[in-house]
Amino acid sequence: MTTTPRRRMRSASVAIGVTALAASGLTGCASTSADYAAVCVDPDTQERVDDDECDSSSDYNGVGTGFFWYYLGASSRVPPVGGVATGGTWRGSTLNGTVQRGGLPTTGGSSVKSSTTKGGFGGSNRGFSS
């Protein structure tokens, strides 16, 4: 007597469960945006410089030399490197919400909110803190 090998059948619920698990893992890649973002600025001229020039998270209080973070609200326009930064504040420690230091486009032009939208595969946010 010959026996035929049994066919293994997968349950539809296992396939659905695996799909649901994969989908929930991707939810962590959802887009978020900061409430404020900072650009590195020369306080004497209000001119934006490369973000690498700022290495301190301390607020500019009108005293001192060097470059400091200048905080822009979500609806503000991003100035280009070499352009004048206006409409923001030097007082990052007083802001409520999420703040991203650096990482905005050096060419400027877009809003802070659209520039800080992150997520998806490979998304990153340099200096992100709250």
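From a predicted model like this one, the values you see are computed outputs, not experimental measurements.
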Seminar exercise, completed: Heavy-atom nearest pair, T89 first then L95, reads CG2-CD2, 4.0 Å
Exercise. Using the ring of each side chain (for Trp, its six-membered ring), is F68 parallel, tilted or perpendicular to Y60, with breaks at 30° and 60°?
Worked result: tilted
Exercise. Are the side chains of F67 and D55 in touch, meaning some heavy atoms are under 4.5 Å apart?
Worked result: no
Problem set entry | Y71: ring-ring contact (aromatic ring centres under 6.0 Å, His included) partners, not counting sequence neighbours | none
For this session: Name all residues meeting the side chain to side chain donor-acceptor pair (under 3.5 Å) criterion together with S75; count only those two or more places apart in sequence or in a different chain, and write none if there are none.
Result: none
For this session: Measure across R48 and T106 and return the closest heavy-atom pair with its distance rounded to 0.1 Å.
Result: NH1-CA, 4.0 Å
Problem set entry | Side-chain heavy atoms of V112 within contact of Q100, under 4.5 Å | no
For this session: Grab the two heavy atoms, one from A34 and one from A74, that are nearest each other, plus how far apart they are.
Result: O-CB, 4.3 Å
Exercise. At their closest point, which heavy atom of C40 faces which heavy atom of D51, and how far apart are they?
Worked result: N-OD1, 3.4 Å
Problem set entry | Closest approach of S76 to G87 (non-hydrogen atoms, all atoms of both residues) | OG-O, 4.2 Å
Exercise. Would you call V39 and L72 a side-chain contact if the rule is heavy atoms closer than 4.5 Å?
Worked result: yes
Exercise. Can you check side-chain contact (heavy atoms from CB on, under 4.5 Å) on R77 and S111, steps first, answer last?
Worked result: CA-CA 4 Å; R77 299 302 267 172; S111 71; 4.0 Å; yes
Exercise. Got more than 12 heavy atoms from elsewhere within 6.0 Å of CG, N96?
Worked result: no
Problem set entry | Shortest non-hydrogen contact from S110 toward P105 | OG-CG, 3.8 Å
